[in-house]
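Just so we're on the same page: letters track the sequence lines, and every chain starts at 1. Everything quoted here is computed from the prediction, not taken from an experiment. Computation of the quantities below employed the complete heavy-atom set of this structure, encompassing side-chain atoms and omitting hydrogens, waters and symmetry-equivalent molecules.
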Amino acid sequence: MDTPIFQDKVICILCGFCGFTKVSKDIISNNIEKLGGTTVKKISQLPENLTHLIVPYFSTESKLLKTLKISQLPDCKIVTQDWAIQSIKLKTLLPEDTFLWKCYFQRQQEKMAEVDELKRKSQIDEEYHINKQLKLQSNIKIEENFEENENQIKIEENLEIKNEENDIKIKLDPDIKIEIKQEDESSRFISDKRRRANWKEDELSKFKFYTGKQSIDNKNDHIIQMLEELKNNYTILKDKGRIIGYQKAISAIRSFPEKITSIEQLKGVNQIGKQTLQKIKEILETGSLSRVEAMDEHERLGQLKLFLNIWGVGTEAAEKLVRKGYKTIEMIKANPPDFFNENQKIGLALYDELLEKIPREEVKEISEKITKVAESLANGRQLTAITCGSYRRGRPLCGDIDILMTFEDGGAHTGLLSILVEELKKIGLVTHTLVITDEEIKKKHENSTFEGIAKLENGLHRRIDIKIYPRKTYAWALLYFTGSAMFNRSMRLFAKTKGFRLSDEGIFPAIRYKTETFTCAPIADCYTEEEIFEFFGMAYKAPEERDM
DNA sequence: TAGCAGTGATC
DNA sequence: GATCAC
DNA sequence: GCTA
Ligand SMILES: O=c1ccn([C@H]2C[C@H](O)[C@@H](COP(=O)(O)OP(=O)(O)OP(=O)(O)O)O2)c(=O)[nH]1
Ligand SMILES: [Mg+2]
C-alpha cells in the first residue's frame, strides 16, 4: 500500500470545462482515493469539511460559481489540478501555495483590465488586402472501373486474409502461430501497373481535405496564431486529443480560401467543430482568446515551453526541470541537472543556434557538400541523394536538413553511413552525433539513420538527418521523409481506415495480433512517388502541396 | 465513446 | 515500458 | 478538440 498522503483530505474536483476533462478527473480521483483521500462525488452538495477544491487551470470565478450553483466560493484551498498530479507523482503532499488557482486568476484579471484599456485607445486595425482567390479545386481524380486488386494473401494455419473490394477481412484464431506469405509473387513487380486501390470518391474527399496548397498570403493568420498558441499549450499539458484536434482545425483554416470575417463561413467545414467555432468567434470579436491569455499568465507553462525547445528534452524532462526550480535556460546552463544525458547536454549547449531556422540556400549548400562526399565513397555505384523535409516542400526557411540516399543498383549500403559520417567529421562539416544506426549488420533493418549536427565554416550549428534506404523501399521513404508530418499522418490514417498499414517501407495489410505487428509482404511495390499516388488512386501531389 | 501514424533508439 | 525523436 |  502506498503512503496515504491524502489522509484526512476531503477533495472535490471540478471538470468538464476549460480543458479539464472527466477522464483526467477520474484518474486523479482514483489516485487520491488510493492514497487515502476522500473525493466528493456530488458537486451539488459540498460537505462542510471540504479541504480542497480542485479546479481547471483557466477557470473564471463566475464559471466556478455557476458550476457549483452557489453564490460564494467555499472556504477551502482552491488549487489547480497540478497540485494533485504532482503530489501523486512524487508521492508527497506538496504545499498548496504554488498551485493556488487564485494567483493565476488575479494576475489574469489585471492583465485583462490592461488589455481593455489598450483596446479602447486604438481599435484593432484590419490591414488585410486580399483579393487573390485561391483555387481549392481538388486535383483528385478517380480512376474508375479499375480492375480489382487481385492480391490475395494467405496465412498458414487457417488464418486467412482476403482482399475483398479492398476491404481486408481477418479471421483470427487465438494463439495461432502466424507467418505470412504472399502467394502471388509475380504481382510484386512494378510492371504490373494495374494494381492500385480503387476506393470511392467520397472517401477520398476526406483525405484530400488535408492536402492542398497552403496559401502564401496570410488571410487568417491571426486566427491561426491564436489556435497555434492553444495547441502549443496543450502540447505542454500533454493533452494528446486536443493537440491533434487543434492541429487539424489549424490545417483546415490554412487551406480555407477566403478571409474569415464571420463564423458562418466555417460552418460545416471538416475538423472545425462547435468549440473551435466558438473560439474563432471570440478571436473575431475581441482579437484574442481569454483562454490563451489565462494560459500566458501561467508561469509554469512559459518555463516548460522554453525547456521543450532543448533538443532531447520532452514534456517529462521539462517537467522535471521546472520541479527542480529552473526558470531560465541560463540557469540550466550554469548548473545542469544530473539527469541530463549526453544528447540533452548538446541540445542545451547549442540551444540558441538550433532554434534558428536555416535559409534554403544554406540547406542546399550543406546538402551538396554531403552528397559529394557520399558519392566519393560510393565506389562508382550510382548514388541518389535528395534533400527532403521542409526543403523539398519548398519552404524558404527550414528547421533542419533532411537528406535521403539510395543506391540505384538496388544493392546493399551496409556500412556506408558510418564511413560517411566519419569522413564528414574529418572535414569538419559534421560536429556532433546524436544517433546513428549503421553499426555492422544488425540485420534488423535494411535502412540506416544518422541524426547529428552540421556546421559550415562561418555558419551556425544545424540539425541534420541522413537516411539511407534500399532502392526497394526508397519511394516509400521519400514519401515519408518529405512529409509534412501532418500529411503523413493523414495519409496513414486514410490507409488504415482501408485496412492497410502505411509506413516508410511500404504498404502492408494491417495485421495485428495483441500488440505485435507482423511482417507481411507489401501489397504494392512502387519505385517512384508517382506510383504510390497512383496506387492510392489519386493524382500526384507535388511536395509543395504536402506542406501542411 | 474510442481513437487520433508508424517506427526506432535509448535508458 | 516510458520517453524522445523523425 | 473532432469524428465515426
Ligand atoms: O513526427 C514526425 C516527424 C517527421 N516526420 C517526417 C515528415 C517530415 O517532413 C520528415 C522530416 O522531419 P522534420 O522534423 O525535419 O520536419 P520537416 O517537415 O522537415 O520540418 P522542419 O522545417 O521543421 O525540419 O519526417 C514524420 O513522419 N513524423
Ligand atoms: Mg526537416
Any idea which of [options] is nearest the [X] side chain?
{"X": "A:Arg463", "options": "C:dC4, B:dA5, C:dA5", "result": "C:dA5"}
{"X": "A:Thr315", "options": "C:dC4, B:dG6, D:dT3", "result": "C:dC4"}
{"X": "A:Glu451", "options": "C:dA5, B:dA9, C:dC4", "result": "C:dA5"}
{"X": "A:Leu493", "options": "C:dC4, B:dA5, D:dG1", "result": "B:dA5"}
{"X": "A:Gln275", "options": "C:dA5, D:dT3, D:dC2", "result": "D:dC2"}
{"X": "A:Ser503", "options": "B:dT7, B:dC4, C:dA5", "result": "B:dT7"}
{"X": "A:Gln271", "options": "C:dC6, D:dT3, D:dG1", "result": "D:dT3"}
{"X": "A:Arg501", "options": "B:dG6, C:dC6, C:dC4", "result": "B:dG6"}
{"X": "A:Val435", "options": "D:dG1, B:dT10, C:dC4", "result": "B:dT10"}
{"X": "A:Thr276", "options": "D:dC2, C:dA5, D:dT3", "result": "D:dC2"}

Has [X] got a side-chain N or O lying under 4.0 Å from the OP1 or OP2 atom of [N]?
{"X": "A:Lys274", "N": "D:dG1", "result": "no"}
{"X": "A:Lys231", "N": "D:dG1", "result": "no"}
{"X": "A:Trp311", "N": "C:dC6", "result": "yes"}
{"X": "A:Arg492", "N": "B:dA5", "result": "no"}

Determine the contact category for [X]: base if any of its heavy atoms lies under 4.0 Å from a base atom, sugar-phosphate if only primed atoms, P, OP1 or OP2 are that close, otherwise nothing.
{"X": "A:Ala317", "answer": "sugar-phosphate"}
{"X": "A:Lys279", "answer": "sugar-phosphate"}
{"X": "A:Asp465", "answer": "sugar-phosphate"}
{"X": "A:Tyr234", "answer": "nothing"}
{"X": "A:Asp402", "answer": "sugar-phosphate"}

Give the ring-plane orientation class for A:Phe536 versus A:Phe494, where under 30° counts as parallel, over 60° as perpendicular and anything between as tilted.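 It falls in the tilted class, 30° to 60°.
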May I have the distance from [X] (atom [atom1]) to [N] (atom [atom2]), rounded to whole angstrom?
{"X": "A:Gln278", "N": "D:dG1", "atom1": "CD", "atom2": "C1'", "result": "14 Å"}
{"X": "A:Ile401", "N": "C:dC6", "atom1": "CD1", "atom2": "P", "result": "13 Å"}
{"X": "A:Ile272", "N": "D:dT3", "atom1": "CD1", "atom2": "C1'", "result": "14 Å"}
{"X": "A:Ile310", "N": "C:dT3", "atom1": "CD1", "atom2": "C1'", "result": "15 Å"}
{"X": "A:Ile507", "N": "B:dA5", "atom1": "CD1", "atom2": "C1'", "result": "13 Å"}
{"X": "A:Asn270", "N": "D:dA4", "atom1": "CG", "atom2": "C1'", "result": "11 Å"}
{"X": "A:Asn343", "N": "B:dG8", "atom1": "CG", "atom2": "C1'", "result": "14 Å"}
{"X": "A:Asn447", "N": "B:dA9", "atom1": "CG", "atom2": "C1'", "result": "13 Å"}

Taking atom P in both C:dC6 and B:dG3, compute the distance separating them and give it to the nearest angstrom.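 To the nearest whole Å, 28 Å.
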Can you tell me how far P in D:dT3 sits from the matching atom in B:dA5, rounded to whole Å?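 So the two P atoms sit 15 Å from each other.
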Should [X] and [Y] count as an ion pair when the cut-off is N to O under 4.0 Å?
{"X": "A:Lys425", "Y": "A:Glu422", "answer": "no"}
{"X": "A:Arg393", "Y": "A:Asp402", "answer": "no"}
{"X": "A:Glu282", "Y": "A:Arg291", "answer": "no"}
{"X": "A:Glu365", "Y": "A:Arg462", "answer": "no"}

Which residues pass the ring-ring contact (aromatic ring centres under 6.0 Å, His included) test with A:His413, sequence neighbours left out?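 With sequence neighbours excluded, A:His413 shows a ring-ring contact (aromatic ring centres under 6.0 Å, His included) to no residue whatsoever.
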So for atom NZ, which belongs to A:Lys281, do other residues, nucleotides or ligands contribute more than 12 heavy atoms lying within a distance under 6.0 Å?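 No, because the 6.0 Å sphere around NZ of A:Lys281 holds 12 heavy atoms or fewer from other groups.
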Interface residues of residues 239-247 of chain A with DNA chain D (non-hydrogen, below 4.0 angstrom):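 Correct list: A:Gly241, A:Arg242, A:Ile244, A:Gly245, A:Tyr246.
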For A:Ser262, is there any backbone N or O sitting under 3.5 Å from a side-chain donor or acceptor partner on A:Gln265?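 At least one qualifying donor-acceptor pair exists.
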A:Ile272 and A:Leu266: which non-hydrogen atoms are nearest, and at how many Å?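 In this case the closest contact between A:Ile272 and A:Leu266 is CD1-CD2, 4.4 Å.
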Position toward the 5' end of DNA chain B (nearest nucleotide), A:Asn341 or A:Glu505: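 Result of the comparison: A:Glu505.
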